[in-house]
> 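Got a structure for you, questions after.
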Amino acid sequence: QVQLVESGGGLVQAGGSLRLSCAASGSIFKPSVMGWHRQAPGKQRELVAGITTGGSTNYADSVKGRFTISSDNAKNTVALQMNSLKPEDTAVYYCSVRILGLDYWGKGTLVTVAS
């Protein structure tokens with residue numbers, strides 16, 4: 001099976017930065033995209049950023065210009081560099097990978113941005 005483990009979450013002041021990392025292991029066969037979603041209290045999970053095996057990226061409008069997604073296909077890892085953090089970025093961030101049309105999810109890492 002596929003396992004995903006996130007790391008790098010924590011508490012940061014508004015305007016600060018954090019870098020999230022995710023390592024995938026197991027049956028990583030022909031992944032097409034890796035990405036990050038987040039879920040804030042009382043809200044639905046939303047896409048933050050995604051990256052294909054070819055290197056194409058997409059971002060939620062709310063994070064464009066502040067967040068950068070990157071990946072290492074050989075290592076099956078994906079990272080999210082978060083700069084200029086805002087209190088509204090507070091959420092649990094989840095790593096995901098799509099393999100043969102199926103999505104796999106990590107358990108999440110909490111990011112808290114203080115005002």
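The figures here come from the full heavy-atom set of this structure, side chains too, leaving out hydrogens, waters and symmetry mates.
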> So, for Ile51 and Ser71, which heavy atoms are closest and what is the spacing to 0.1 Å?
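The answer is CD1-OG, 3.6 Å.
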> Please report the C-alpha distance between Cys95 and Val78 in whole Å, then the side-chain angles of each, then the deciding distance to 0.1 Å, and finally whether the side-chain contact (heavy atoms from CB on, under 4.5 Å) criterion is met.
CA-CA 8 Å; Cys95 173; Val78 61; 3.6 Å; yes
> Of all the heavy-atom pairs spanning Thr53 and Asn73, show the shortest one and how long it is.
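Smallest heavy-atom distance, with atoms named: O-ND2, 3.0 Å.
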> Using a strict 4.0 Å threshold on nitrogen-to-oxygen distance, state whether Asp89 and Lys86 make a salt bridge.
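Result for this pair is no, no salt bridge flagged.
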> Would Tyr59 and Val48 show up in the same hydrophobic cluster when neighbours are defined by side-chain heavy atoms closer than 4.5 Å?
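Hydrophobic grouping puts Tyr59 with Val48.
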> How close do Ser27 and Val2 get, counting heavy atoms only, and between which atoms?
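Shortest heavy-atom contact: O-CG2, 3.5 Å.
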> Taking C-beta and beyond as the side chain, do Val111 and Leu18 meet within less than 4.5 Å on heavy atoms?
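In short, these two side chains touch, coming nearer than 4.5 Å.
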> Roughly how far, to the nearest 0.5 Å, is the CD atom of Glu6 from the CH2 atom of Trp36?
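Reported to 0.5 Å precision, the distance equals 5.5 Å.
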> Flag yes if Leu100 and Met34 sit in one hydrophobic cluster, no otherwise; membership is Ile, Leu, Val, Met, Phe, Trp, Tyr, and two members link when side-chain heavy atoms are under 4.5 Å apart.
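Linked, Leu100 and Met34 end up in one cluster.
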> Can you hop from Leu4 to Leu80 via hydrophobic side chains spaced under 4.5 Å?
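Yes, same cluster.
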> Mark yes when over 12 heavy atoms from residues, nucleotides or ligands other than Glu88 sit less than 6.0 Å from its CD; otherwise mark no.
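Atom CD in Glu88 is packed in, count exceeds 12.
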> Which heavy atom of Ser84 sits nearest a heavy atom of Arg66, and at what distance?
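Of all heavy-atom pairs spanning Ser84 and Arg66, the closest is O-NH1, 3.0 Å.
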> If I compare all heavy atoms of Ser70 with all of Arg19, which pair ends up nearest, and what's the gap?
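Residues Ser70 and Arg19, closest heavy atoms: OG-NH2, 3.7 Å.
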> Just how far is it from atom CD1 of Ile99 to atom OG of Ser32, taken to the nearest 0.5 Å?
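If I round to the nearest 0.5 Å, the distance is 8.5 Å.
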> Do we see a donor-acceptor contact under 3.5 Å between the side chains of Ser17 and Asn83?
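Asn83 and Ser17 do have a side-chain donor-acceptor pair below 3.5 Å.
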> What I'd like to find out is whether the side chain of Thr109 reaches to under 4.5 Å of the side chain of Leu20, using heavy atoms alone.
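They are in side-chain contact.
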> Measuring from atom OG of Ser25 to atom NZ of Lys75, what distance do you get when rounded to the nearest 0.5 angstrom?
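Interatomic distance, Ser25 OG to Lys75 NZ, rounded to 0.5 Å: 15.0 Å.
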> Considering all heavy atoms of both residues, which atom of Gln39 and which atom of Lys43 are nearest to each other, and what is their separation?
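Minimum heavy-atom contact is NE2-O, 3.1 Å.
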> Just wondering, more than 12 heavy atoms not from Arg98 lying within 6.0 Å of its CZ?
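It does not: Arg98 CZ has 12 such atoms or fewer within range.
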> Roughly how far apart are Ser62 OG and Arg38 CZ, rounded to 0.5 Å?
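Here the rounded value is 4.5 Å.
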> Assigning hydrophobic clusters by single linkage (Ile, Leu, Val, Met, Phe, Trp, Tyr; side-chain heavy-atom cutoff under 4.5 Å), is Ile28 placed with Tyr104?
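Ile28 and Tyr104: one cluster.
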> Where the side chain of Thr90 meets the backbone of Val113, is there a donor-acceptor pair that is under 3.5 Å apart?
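At least one qualifying donor-acceptor pair exists.
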> Is there a side-chain contact (heavy atoms from CB on, under 4.5 Å) between Thr68 and Thr57? Walk through the geometry before answering.
CA-CA 9 Å; Thr68 302; Thr57 60; over 6 Å; no
> Are Tyr94 and Leu110 grouped together when hydrophobic residues (ILVMFWY) are joined by side-chain heavy atoms under 4.5 angstrom apart?
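Linked, Tyr94 and Leu110 end up in one cluster.
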> Which word best sums up how the rings of Tyr93 and Phe67 line up, parallel for under 30°, tilted for 30 to 60°, or perpendicular for over 60°?
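Because their plane-to-plane angle lies in the 30° to 60° range, the rings of Tyr93 and Phe67 count as tilted.
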> Using side-chain contact (heavy atoms from CB on, under 4.5 Å), reason through Ser96 and His37 one step at a time and then give a plain yes or no.
CA-CA 8 Å; Ser96 67; His37 290 69; 4.0 Å; yes
> When rounded to the nearest 0.5 angstrom, what distance separates CG in Asn58 from CG in Leu47?
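So the gap between those two atoms works out to 5.5 Å.
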